[in-house]
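Contents: one structure, followed by commentary.
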Amino acid sequence: MCAMTAIFDTRAQYRNCQRAAEGYGKARALQAEVQDRLLDSLSYLDDRKPAVALDIGSGPGHAAALLASRWPRARVFAVDWSQAMLAQAETGRWWRRRPAFDRVCADAGALPFAEASVDLIVSNLCLHAIADLPPVLQGFRRVLRPGGLLLFSLLGPQTLHELRDAFSQTGADDPIHPFPSIQRVGDALMASGFRDPVLDREPLTVTYRAFADLLNDLRASGGANALVGRRKGLGGRQRLAAAEHAYEAYRRDGVLPSTWEIIYAHAWAPAPGAPRQEGAVQIASVPLDTIGIRRRRS
């Protein structure tokens, strides 16, 4: 997780991440699925082997471990602003044998790396927590070497629309903070000077047997609303019960679906002093009938 802007309560975001660290492995089915799809795009590197790679918003370092396994001679850094998340990586509780990568506690908006010192930046489901993307992406561009690759995924605005609708029917506050559109992400990449950005989106579906299971997973992933001025809690027991009743309208085949809109992006760092690229960002389209994740619960 990584965040820093005025519309977010950074203390609440940090607290969410710290609390999520211990149970994070229980709620990472979606995280793991998106990570696998994201890392498939490493084929863009062809035969080039990065010497230095960053996993930003690393959590307990799953992607960092995969990068270190893929390129054993590379220096890989798991970067996260949550010490509790990085402690999970340090203990190696997620690995039978902990791959060699370094852990760095830092904010995504203030990377402690030298200019043009990194070949690859990967970030999985982190950057949607940042309200002002261009300055953060400019920081990424600063540390990337010319020709370096930025590869990331984040949540789009259709994420959890069923949950938002259920709460809106009760008059309660939105339990989820807003997520950026694919157009906004593309604009941020262009404004930051990245070369040849390409974006894609797809809807994934996670199913739950009970409404409480969805809320528990949301808390366990550290994804609760952290907007400044938000109402604390979920609006009381009566409104929570009313939201659960409203959500039941979505039940199909005995399970409750939750939609997660995933935006993928990759772009290249330009040569020093290169002018910002003119033209439109390439945006691919994924059919709405994309097969989603189905989580089974006992």
Side-chain angles (χ1 to χ4, degrees), residues 1 3 8-9 11-35 57 59-60 62 82 84-85 88 93-94 124-126 128-129 153-179 202-227 229-262 290-298:
M1 192 69 175
F8 289 113
D9 181 340
R11 288 183 298 179
Q13 285 186 308
Y14 187 78
R15 188 166 56 247
N16 289 345
C17 288
Q18 293 286 95
R19 290 173 177 172
E22 185 174 349
Y24 189 71
K26 299 177 183 178
R28 69 173 307 270
L30 178 74
Q31 189 96 8
E33 179 72 15
V34 175
Q35 172 188 280
H62 293 276
S82 169
M85 284 290 189
Q88 297 293 336
R93 65 175 287 184
W94 308 112
N124 184 39
L125 295 181
C126 164
H128 51 258
S153 64
L154 47 71
L155 298 177
Q158 290 302 307
T159 296
L160 294 172
H161 69 82
E162 303 95 343
L163 185 63
R164 296 180 193 275
D165 176 62
F167 272 89
S168 71
Q169 291 184 44
T170 72
D173 290 344
D174 194 331
I176 310 298
H177 61 70
F179 299 125
E202 67 174 333
L204 298 179
T205 301
V206 181
T207 60
Y208 296 87
R209 295 191 182 280
F211 183 70
D213 293 334
L214 168 59
L215 297 185
N216 288 337
D217 263 12
L218 188 60
R219 295 187 185 102
S221 67
N225 192 339
L227 286 175
R230 72 197 182 284
R231 180 182 297 176
K232 306 300 189 292
L234 292 174
R237 291 184 179 180
Q238 289 185 337
R239 278 188 169 171
L240 188 60
E244 180 176 3
H245 177 75
Y247 206 119
E248 282 295 321
Y250 288 100
R251 187 178 289 276
R252 297 290 185 275
D253 301 323
V255 294
L256 295 171
S258 64
T259 299
W260 301 74
E261 181 186 6
I262 310 301
T290 299
I291 297 175
I293 303 169
R294 299 291 172 182
R295 174 176 299 174
R296 297 178 180 176
R297 293 183 176 270
S298 58

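Everything numeric here is computed off the predicted structure, so don't read it as measured data. Keep in mind that the numbers below use all heavy atoms, side chains included, and drop hydrogens, waters and symmetry copies.
In this structure the side chain of F211 reaches within 4.5 angstrom of the side chain of L240, judged on heavy atoms.
Scanning for side chain to side chain donor-acceptor pair (under 3.5 Å) contacts around E244 gives an empty result, with sequence neighbours left out. Scored by the side chain to side chain donor-acceptor pair (under 3.5 Å) test, T159 finds no partners at all (sequence neighbours excluded). With sequence neighbours excluded, the residues satisfying side-chain contact (heavy atoms from CB on, under 4.5 Å) with A242 are T170.
Across all non-hydrogen atoms, the minimal contact from P178 to R164 is CA-NH2, 4.3 Å. For the residue pair A243 and A166, the shortest heavy atom distance occurs at O-CB, 3.4 Å. The minimum heavy-atom distance between L155 and H128, with the atom names listed, is N-ND1, 3.1 Å. Residues N124 and Q35 approach most closely at ND2-CB, 3.4 Å, considering heavy atoms.
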Donor-acceptor list for residues 249-258 side chains, cut-off 3.5 Å, not counting sequence neighbours:
| unit_1 | atom_1 | unit_2 | atom_2 | d |
| --- | --- | --- | --- | --- |
| Y250 | OH | D165 | OD2 | 3.0 |
| R251 | NE | E248 | OE1 | 2.7 |
| R251 | NH1 | R209 | O | 3.3 |
| R251 | NH1 | G254 | O | 2.8 |
| R251 | NH2 | R209 | O | 3.0 |
| R251 | NH2 | E248 | OE2 | 3.0 |
| R252 | NH1 | A249 | O | 3.0 |
| S258 | OG | V206 | O | 2.9 |
| S258 | OG | W260 | NE1 | 3.0 |

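Considering CG of L204 and CD of E261, their distance stands at 10.0 Å, rounded to 0.5 Å. Distance OG/S168 to NE2/H161: 12.0 Å, rounded to 0.5 Å.
A donor-acceptor pair under 3.5 Å links the side-chain atoms of E162 to the main chain of T259, judged by distance alone.
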